[in-house]
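Structure record follows, encoded as structure tokens.
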Amino acid sequence: MIRIAIASLLLVSGCSTNEVAADNKITQKVVPVDERTIISSPNKYTSLASNLTELENTSPIIVEVAKNGEKQTVIKESEESIMPTEFYTLSSVIIKDIQKDATSSLKVGDKIEIVENVVTDVLIENEKKTLTFDYYKKMDIGKSYYLYLRNSTSGDNYVLTNAFLSKYPVNKEPKHELFLNENGSTHSLENLDYQDLYGDLYTEISQENE
């Protein structure tokens, strides 16, 4: 495992702090101070998989799914608050194939919900913003993905075992489309280039599923 501890995101004249709650739902306080349409905070992880074997071993469930819907949740402390204290998307998916199910509770055709730590079109100071972590890009409705999951401990849904390293499009996509980006530029994660690791894992997973 690669162990990392990443602090807050510094914006132009303010800062952001965030904490990972029990089921990867994020609690944060951010003061928006620039004109970007994407506000991405670096997350805090106890550990992340450093190769495909670790990703598979730390994931009780490995499935191929198709996304067919979603519901966003954005919570603010008060109506006067600029930034939300909690946000996530519950993505509805249909299971197309099961590669691993240590829970023995799933079957092909089941509909389940996945927690994704990203929301779009959030109105902040009269501007629509995307809020995310590590430039994570949520699943698109109508597309298929390989997911590495575990059961949620606080609801009847599932969470990604290794954050952004746990979701891969079935149909090959170019690198610049795998993460959110501003004005066409590809962002690397702060201090550690996990997008390169993601790319390596994506290549291995695609080859395994050919």
Side-chain angles (χ1 to χ4, degrees), residues 1-7 9 18-26 28 38 40-65 67 87-91 93 95 97-103 112-119 130-140 143-153 157-181 186-210:
M1 290 285 188
I2 296 176
R3 297 184 179 276
I4 59 176
I6 304 178
L9 171 68
N18 59 80
E19 297 179 354
V20 182
D23 288 309
N24 287 2
K25 297 175 185 177
I26 305 300
Q28 70 160 14
I38 298 171
S40 179
S41 299
N43 215 332
K44 298 176 182 179
Y45 307 104
T46 302
S47 61
L48 283 177
S50 58
N51 54 55
L52 183 55
T53 298
E54 287 185 354
L55 179 59
E56 292 173 343
N57 289 343
T58 56
S59 303
I61 298 168
I62 304 173
V63 289
E64 178 184 340
V65 305
K67 181 173 175 177
F87 61 85
Y88 58 91
T89 296
L90 272 183
S91 292
V93 303
I95 297 176
D97 183 56
I98 299 174
Q99 299 182 12
K100 177 184 178 182
D101 178 18
T103 68
I112 60 175
E113 291 183 321
I114 313 299
V115 178
E116 295 190 274
N117 293 324
V118 55
V119 288
T130 293
L131 306 180
T132 187
F133 287 83
D134 300 322
Y135 293 100
Y136 176 86
K137 180 181 179 180
K138 69 179 174 182
M139 294 182 283
D140 292 322
K143 291 187 177 182
S144 296
Y145 298 86
Y146 301 115
L147 300 181
Y148 294 75
L149 307 171
R150 65 172 175 81
N151 290 88
S152 166
T153 58
N157 50 55
Y158 297 81
V159 297
L160 303 172
T161 56
N162 284 263
F164 55 89
L165 295 177
S166 299
K167 180 213 72 181
Y168 300 87
V170 170
N171 294 324
K172 193 70 175 177
E173 295 185 5
K175 182 177 179 180
H176 69 274
E177 293 183 5
L178 297 174
F179 289 85
L180 289 172
N181 61 82
T186 300
H187 297 277
S188 294
L189 304 180
E190 185 175 332
N191 299 326
L192 296 173
D193 193 1
Y194 278 105
Q195 289 190 16
D196 282 347
L197 173 58
Y198 181 95
D200 292 342
L201 290 173
Y202 191 17
T203 298
E204 286 188 71
I205 291 166
S206 297
Q207 290 173 347
E208 277 194 355
N209 288 279
E210 287 180 351

Restricting to side chain to side chain donor-acceptor pair (under 3.5 Å), what partner residues turn up for [X], sequence neighbours left out?
{"X": "S144", "result": "K96"}
{"X": "T203", "result": "none"}
{"X": "N209", "result": "Q99"}
{"X": "E177", "result": "none"}

Indicate yes or no for a side-chain donor-acceptor contact from [X] to the backbone of [Y] under 3.5 Å, with no hydrogens or angles considered.
{"X": "K167", "Y": "Y145", "value": "no"}
{"X": "T58", "Y": "L55", "value": "yes"}
{"X": "D134", "Y": "Y136", "value": "no"}
{"X": "T132", "Y": "V118", "value": "no"}
{"X": "T161", "Y": "S59", "value": "no"}

How close do T153 and R150 get, counting heavy atoms only, and between which atoms?
CG2-NH1, 4.3 Å
Minimum heavy-atom separation for Y198 to P169, with atom names?
OH-CD, 3.8 Å
Going by the salt bridge (charged side-chain N to carboxylate O under 4.0 Å, His left out) test, which pairs reach into residues 201-210, not counting sequence neighbours?
none
Please list, chain by chain and in numerical order, all residues satisfying ring pair (Phe, Tyr, Trp, His ring centres under 6.0 Å) with Y202, sequence neighbours excluded.
Y168
Which value, rounded to the nearest 0.5 Å, describes the distance between [X] atom [atom1] and [Y] atom [atom2]?
{"X": "I62", "Y": "L147", "atom1": "CD1", "atom2": "CG", "value": "10.5 Å"}
{"X": "I112", "Y": "L90", "atom1": "CD1", "atom2": "CG", "value": "11.5 Å"}
{"X": "D200", "Y": "S50", "atom1": "CG", "atom2": "OG", "value": "11.5 Å"}
{"X": "S166", "Y": "L48", "atom1": "OG", "atom2": "CG", "value": "8.0 Å"}
{"X": "Y148", "Y": "I61", "atom1": "OH", "atom2": "CD1", "value": "13.5 Å"}
{"X": "E64", "Y": "I98", "atom1": "CD", "atom2": "CD1", "value": "11.0 Å"}

Are the side chains of L149 and V159 in touch, meaning some heavy atoms are under 4.5 Å apart?
no
For the residue pair I114 and M139, establish whether any side-chain heavy-atom pair is separated by less than 4.5 Å.
yes
Using the test salt bridge (Lys or Arg N to Asp or Glu O under 4.0 Å), find all partners of K67 that sit at least two apart in sequence or belong to another chain.
E70, E116
Residues which pass salt bridge (Lys or Arg N to Asp or Glu O under 4.0 Å) with D140, listed by chain and number, not counting sequence neighbours
K143
Ring centre gap for F133 and F87 strictly below 6.0 Å:
yes
After noting the C-alpha distance and the side-chain angles of K137 and L178, does the key distance pass the side-chain contact (heavy atoms from CB on, under 4.5 Å) rule?
CA-CA 7 Å; K137 180 181 179 180; L178 297 174; over 6 Å; no
